[in-house]
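What follows is a single structure, written as structure tokens, with notes after it.
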Amino acid sequence: MIIQPKTRGFICTTAHPEGCAAQVQRQIEYVKAQQPVAGIKNALVIGASTGYGLASRIVSAFGAGANTIGVYFDRPSEGGRTATAGWYNSAAFEQAAQDAGLKSFSIVGDAFSDEIKAKTLDLIRTELGQVDLVVYSVASPRRTHPKTGETFTSVLKPIGETFSNKTVNFHNGEVTSVTIEPATEDEISQTVAVMGGEDWQMWIDALQEAGLLAPQAVTVAYNYIGPEVTHAVYREGTIGRAKLDLEKTGKSLNNQLGATGGRAYVSVNKALVTQASAAIPVVPLYISLLYKVMKEKNIHEGCIEQMYRLFSERLYAPQGTSTDESGLIRIDDWEMREDVQEEVSKLWSIVSTENLAEISDIASYRREFFQLFGFESEGIDYEADTNPEVSIPNLR
Ligand code: NAD
């Protein structure tokens with residue numbers, strides 16, 4: 001079939017297998033061109049098919065030569081529908097890892113469930129023995145609790161007060177004002193149940209109890225803080241509450257793993273175009289301005305550049321892992337530089353529909369959004385007949 005993008009708001013319901021494979025290959029090539037990362041033998045990446053999780057898996061495998069298990073929630077092509085982008089990304093990753101002689105396996109299903117945890121534990125036991133790195137990179141709108149069966153839904157809302165600010169429709173470049181009513185107490189606690197630290201803790205407990213964590217294992221989960229303009233919908237909003245919970249979990253996991261020489265971290269990453277961030281009001285406009293400023297200063301990074309720097313200069317840095325005074329790894333350091341934020345905030349105050357194309361990098365935002373789904377990748381013939389059915393090697 002001829003596969004074209006079909007968008008609904010910030011979602012694209014189709015994905016292109018060859019375009020996704022090209023994006024994965026580009027990330028692999030980037031990592032292979034850098035200095036190797038030392039210290040990872042067997043990595044488990046939970047939320048491994050797109051965004052920061054995929055990039056973490058690529059750095060582990062192609063930067064450190066590690067065997068990897070990727071856990072993710074994606075679906076194959078069926079009944080004339082394409083598979084999801086994460087499915088095609090993972091098929092390409094698995095093939096490349098296999099070609100490179102690395103052990104690599106995929107588990108597709110709900111990471112929040114006991115069933116998928118048990119399946120992953122069995123796989124580690126039989127294929128890898130133990131894991132020494134666990135990356136937790138799940139971004140999900142909902143979670144069914146494995147013990148109570150209750151389903152929680154996360155919301156992206158401010159807390160306490162109604163919030164109004166600029167936002168962009170990145171499809172047509174219209175800058176408008178968005179107003180979001182504050183979350184209720186119940187919405188706050190549901191968001192914490194989905195995006196907080198409970199599931200990360202459950203994974204580490206399960207791995208540790210089963211004796212499948214290497215003594216000096218490292219685990220990391222991802223966070224965002226960002227500037228003032230996004231605080232009401234991020235840091236001080238419902239998602240921020242969930243991230244505070246994640247940070248608390250990180251600290252207690254660090255104590256828990258510390259007994260055997262292990263370490264747990266929360267890394268604060270840069271704002272980037274991913275399926276998860278496209279869903280947050282205000283953030284796409286901020287990212288468009290940020291890209292413009294960071295590119296001008298020659299310090300722009302995508303997921304793979306961020307994750308390579310996280311692994312090589314923080315998590316596995318020969319001089320040890322540096323954190324801020326709260327114990328967080330800051331790989332958002334370039335984004336948060338004073339000169340960067342000053343310029344972004346000047347642009348923020350004047351940005352409008354009329355000057356958007358000129359003062360922001362909305363064109364890259366849009367292109368990267370489509371690239372998440374395998375579109376607008378160089379060297380791909382989008383008019384060619386393409387088979388949407390792609391199988392994932394080593395799918396368990
Ligand atoms: P993403 O949407 O690209 O990736 C999410 C991953 O989670 C996918 O692999 C998906 O398959 C998986 N997933 C979702 N639900 C699942 C489930 N029930 N079971 C198993 N896997 C499931 O998101 P992302 O932007 O890479 O976000 C990853 C982490 O990074 C999140 O914690 C996010 O808050 C954080 N982060 C993102 C940004 C950003 O700007 N994108 C910045 C800083 C931190």
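We count ligands from 1, going down the list as the structure has it; atoms in each ligand are counted the same way.
- Summarising the geometry, atom CE belonging to Met294 is positioned 13.0 Å from atom CG belonging to Leu289; distances are rounded to the nearest 0.5 Å.
- The atoms of ligand 1 that sit less than 4.0 Å from any heavy atom of Gly109 are 19 (N), 20 (C).
- Of all protein heavy atoms, the one closest to atom 28 (C) of ligand 1 is Ser137 OG, 3.1 Å.
- Annotation for ligand 1: atoms under 4.0 Å from non-hydrogen atoms of Ser140 are 15 (N).
- Environment of CZ in Arg81: sparse, with no more than 12 heavy atoms of neighbouring residues, nucleotides or ligands closer than 6.0 Å.
- Under a 4.0 angstrom heavy-atom cut-off, Trp87 registers as lying outside contact with ligand 1.
- Each of Lys270, Glu335, Lys292 was compared with His300 under the side-chain hydrogen bond (donor to acceptor under 3.5 Å, both in side chains) criterion, and only Lys270 meets it.
- Checked by distance only, ligand 1 and Leu272 come closer than 3.5 Å through their nitrogen or oxygen atoms.
- Ligand 1 has a nitrogen or oxygen under 3.5 angstrom from a nitrogen or oxygen of Thr50.
- If you look at Phe373 and His16, their ring centroids are not closer than 6.0 Å.
- Polar contact with ligand 1: absent for Ala271 (N/O pair, distance under 3.5 Å).
- For atom 27 (O) of ligand 1, the nearest non-hydrogen atom of the protein is Ala139 CB, 3.8 Å.
- The environment of NZ in Lys41 is sparse: at most 12 heavy-atom neighbours from other residues, nucleotides or ligands sit within 6.0 Å.
- Salt bridge status for Asp110 with Arg142: absent, with no side-chain N to carboxylate O gap under 4.0 Å.
- Under the 6.0 Å distance and 45° angle rule, Arg143 counts as a cation-pi partner of Phe112.
- In this structure, Glu181 does not pair ionically with Lys157, as no charged nitrogen and carboxylate oxygen lie closer than 4.0 Å.
- Using a 4.0 Å cut-off between a side-chain N of Lys or Arg and a carboxylate O of Asp or Glu, Asp333 and Arg314 qualify as a salt bridge.
- Relative orientation of the Tyr382 and Phe375 rings is tilted, given thresholds of 30° and 60° on the angle between their planes.
- A salt bridge is absent between Asp114 and Lys117; no separation between the charged side-chain nitrogens and carboxylate oxygens falls under 4.0 Å.
- Close placement of the Tyr234 and Tyr224 rings is indicated, their centers lying within 6.0 Å of each other.
- Proximity to Tyr234 (heavy-atom distance under 4.0 Å) selects the following atoms of ligand 1: 34 (O).
- The shortest separation from a heavy atom of Ala221 to ligand 1 is not under 4.0 Å, leaving the residue out of contact.
- Of all protein heavy atoms, the one closest to atom 41 (N) of ligand 1 is Thr274 OG1, 3.0 Å.
- The shortest N/O to N/O separation between Tyr72 and ligand 1 does not fall below 3.5 Å.
- If you check which protein heavy atom lies closest to atom 16 (C) of ligand 1, you get Phe73 CB, 3.5 Å.
- Using a 4.0 Å cut-off to heavy atoms of Phe112, the atoms of ligand 1 that qualify are 18 (N).
- Near Tyr222, meaning under 4.0 Å from one of its heavy atoms, ligand 1 places the atoms 29 (C), 30 (O), 32 (O), 35 (C).
- Contact annotation: for Trp200 versus ligand 1, there are no heavy atoms closer than 4.0 Å.
- We find that Glu174 and Lys166 are not joined by a salt bridge, their nearest charged nitrogen and carboxylate oxygen being 4.0 Å or further apart.
- Among protein heavy atoms, the minimum distance from atom 32 (O) of ligand 1 is reached at Lys243 NZ, 2.8 Å.
- Checked against a 3.5 angstrom limit, the closest N/O atoms of Asn223 and ligand 1 fall outside it.
- Looking at Ala48 against ligand 1, only its backbone comes within 4.0 Å, counting heavy atoms.
- One finds a salt bridge joining Asp339 and Lys297 here, because a Lys/Arg side-chain nitrogen approaches an Asp/Glu carboxylate oxygen to under 4.0 Å.
- For the pair Glu198 and Lys147, the salt-bridge criterion is not met [side-chain N within less than 4.0 Å of a carboxylate O].
- Protein heavy atom closest to atom 26 (O) of ligand 1, with residue, atom name and distance, is Tyr52 N, 2.8 Å.
- Annotation: Asp110 places an N or O atom under 3.5 Å from an N or O atom of ligand 1; distance criterion only.
- If you number the atoms of ligand 1 from 1 as listed, the ones under 4.0 Å from a heavy atom of Gly51 come out as 3 (O), 26 (O).
- Not a single heavy atom of Arg142 sits less than 4.0 Å from an atom of ligand 1.
- For ligand 1, the atoms closer than 4.0 angstrom to any heavy atom of Asp74 are 11 (O).
- In this structure, atom 9 (O) of ligand 1 lies nearest to the protein heavy atom Ser49 OG, 2.7 Å.
- Under 4.0 angstrom from ligand 1, the non-hydrogen atoms of Asn269 come from both its backbone and its side chain.
- Within a 6.0 Å radius of CD in Glu185, other residues, nucleotides and ligands contribute 12 heavy atoms or fewer.
- Looking at Met195 next to ligand 1, no N or O pair under 3.5 Å apart turns up.
- Of the protein's heavy atoms, Lys270 O, 3.2 Å lies nearest to atom 42 (C) of ligand 1.
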